[in-house]
Number of protein chains: 2
Amino acid sequence: MPEGYDKYAFEPFAVAVDLAVFTVREGLLQVLLVERGQAPWAGHRALPGGFVRPAESAESAARRELAEETGLAGALAEAVHLEQLATYSAPDRDPRMRVVSVAYTALVPDLPEPRGGGDAARADWVAPAAAGPLAFDHAQILADARLRIGAKLEYTCLATEFCPPRFTLGELQQVYETVWDTRLDRPNFRRKVLATPGFVEPVPGAARLTGGRGKPAALYRAGPATALHPPLLRPEGRP
Amino acid sequence: MPEGYDKYAFEPFAVAVDLAVFTVREGLLQVLLVERGQAPWAGHRALPGGFVRPAESAESAARRELAEETGLAGALAEAVHLEQLATYSAPDRDPRMRVVSVAYTALVPDLPEPRGGGDAARADWVAPAAAGPLAFDHAQILADARLRIGAKLEYTCLATEFCPPRFTLGELQQVYETVWDTRLDRPNFRRKVLATPGFVEPVPGAARLTGGRGKPAALYRAGPATALHPPLLRPEGRP
DNA sequence: CCAAAAGTGTTTTTGCTACACCCATGC
DNA sequence: GCATGGGTGTAGCAAAAACACTTTTGG
């Protein structure tokens, strides 16, 4: 680009962010979706998102939108795991103008009801299978995000992001079982998790909690580790 | 965005692609870099790249730039492994205007000399450590790309992308050793690779080849598999 | 007492590591 | 012959799968 380049010479690009915010609720992996009130794709569900402002990065925009859509307070919103997924740039993905969208994946624990914020009518937790046709290329983004999460559970400590600050190993196992849609052997799962230094730490004050009937479970919190060595492979070769 | 939104109201964004093209040459992992002839960052090396045109996607732009910079013919350029890495969007990453860059990673076998094409003076293969300070945030992009490649060798069949169409298991092992900067046990490596269905296939016509002295090695080609189950973990916990 | 969920122990199997060893070629 | 790189065999160890079993709660 030469010095005297005219930055207004071309049809301009807009840069947006789209968010795939996941949680585990009622034994299902659910995603936060908004209902579009206006054309195009009026009446369809869509991923929450918005445009990147002139002075902010895509990551900042994503975190701002996340706070708006989930209604989380600032300090809480900053603790949420947010990760860039991919960028979608097909020339015709938005009929209004050329929009390049940077998609992010966020993982949150089971929150109180989401607040519909910003320009979107309301935001709801929906199981991806029951979402119906999505606006734009959001079905593709959602599918990519789902694949990525499943893969990352294998070799990172990401699963704890779905859990509240204090959780039981049973809850953690349910996260894996929900995301992978498999059953895991409890004794073996337990050993694997506890054998990985820094994955989870026991809460020292002998605290316990019961999820109904059954023996009370010990409480853990997320540890400082971020990677899982060796990985926790999902059973895949077996029926 | 309301219907009557003025697409020219804001300072426009430009969308670019940057390419981290890797190869394994002379026992080193090398990357394709161009030398910048003009400000900003004149005289510094940079990743090859360019702007996304109004009618193309970022992926198309990346493939176009790849063909231009490497001088590969069309059919060959399409076979090259090209993968989106991440998008870099810090507001001040380019002093001229707001540029959001979608970075791609490409893996190519040891090619004949690269051709300097397009607006860049010339392109050269350089070992990342010997590249000197890079323009813009390209050092960050390069570091991210390097990490990603190392990780992907563990659980994908990507290593074959560094090899010519017909290769020996010794060459494949050298790819791993070069990227990971470790030594691997030949018998065990061999077994792992051959035990993974679809990773490599023997070239049936008992073809062989010698890289100098020593026993001639059997030739293989890349198989249809794309993932590695179980993964080929790099020795990391051991001295 | 029974069901349900947490937690412990044990056996079997698998896969990986680390070597030792043979084969074919150039010098 | 000998150095060099390709290819095969094998013993030992360690992790993981499968499953039996005990513990502690609610009804």
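Quick caveat: nothing in here was measured; it's all calculated off a predicted structure.
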Cut-off 3.5 Å, no hydrogens considered: what does the side-chain donor-acceptor table look like for residues 156-167 of chain A, sequence neighbours left out?
from, atom 1, to, atom 2, distance (Å)
A:Thr156, OG1, A:Lys152, O, 2.6
A:Thr156, OG1, A:Leu158, N, 3.3
A:Thr160, OG1, A:Cys157, O, 3.0

Report task. Could you walk me through whether A:Glu78 and A:Arg63 pass salt bridge (charged side-chain N to carboxylate O under 4.0 Å, His left out), step by step? Result -> CA-CA 7 Å; A:Glu78 284 176 32; A:Arg63 212 164 271 285; over 6 Å; no

Requested in this report: From the options A:Arg191, A:Arg190, A:Arg186, select the one residue that forms a side-chain hydrogen bond (donor to acceptor under 3.5 Å, both in side chains) with A:Asn188.
Outcome: A:Arg191

Query raised in the report: Closest approach of A:Gln84 and B:Thr87, non-hydrogen atoms and distance?
Result: NE2-N, 2.6 Å

Query raised in the report: Is the centre of the A:Phe136 ring less than 6.0 Å from the centre of the A:Tyr88 ring?
Result: no

How close or far is atom [atom2] of [N] from atom [atom1] of [X], stated in whole angstroms?
| X | N | atom1 | atom2 | answer |
| --- | --- | --- | --- | --- |
| A:Asp185 | C:dT8 | CG | C1' | 12 Å |
| A:Glu171 | C:dG7 | CD | P | 11 Å |
| B:Glu177 | D:dG5 | CD | P | 12 Å |
| A:Leu219 | C:dA6 | CG | C1' | 12 Å |
| B:Leu232 | C:dG15 | CG | P | 15 Å |
| A:Lys215 | D:dT24 | NZ | P | 5 Å |
| B:Leu172 | D:dG5 | CG | C1' | 16 Å |
| B:Leu228 | C:dG15 | CG | C1' | 14 Å |

Report task. Could you check which residues of residues 187-197 of chain A get a heavy atom under 4.0 Å from DNA chain D? Sort them by number, please. Result -> A:Pro187, A:Asn188, A:Arg191, A:Lys192

Query raised in the report: Taking the nucleotide of DNA chain C with the closest heavy atom to each, which residue, B:Pro230 or A:Leu169, is nearer the 5' end?
Result: A:Leu169

Requested in this report: Return the 5'-most residue of the pair B:Arg186, B:Leu233 with respect to DNA chain C, ranking by each residue's nearest nucleotide.
Outcome: B:Leu233

Counting N and O atoms only, with roles assigned by atom type, does the side chain of [X] sit under 3.5 Å from a partner on the main chain of [Y], one being a donor and the other an acceptor?
| X | Y | result |
| --- | --- | --- |
| A:His81 | A:Leu107 | no |
| B:Thr168 | B:Leu219 | no |
| B:Thr178 | B:Leu29 | no |

Query raised in the report: In degrees rounded to 10°, what angle is found between the helical axes fit to the five outermost pairs at each end of the helix from C:dC1-D:dG27 to C:dC27-D:dG1?
Result: 0°

Query raised in the report: If you count the non-hydrogen atoms of other residues, nucleotides and ligands that lie under 6.0 Å from CG in B:Asp185, is the total more than 12?
Result: yes

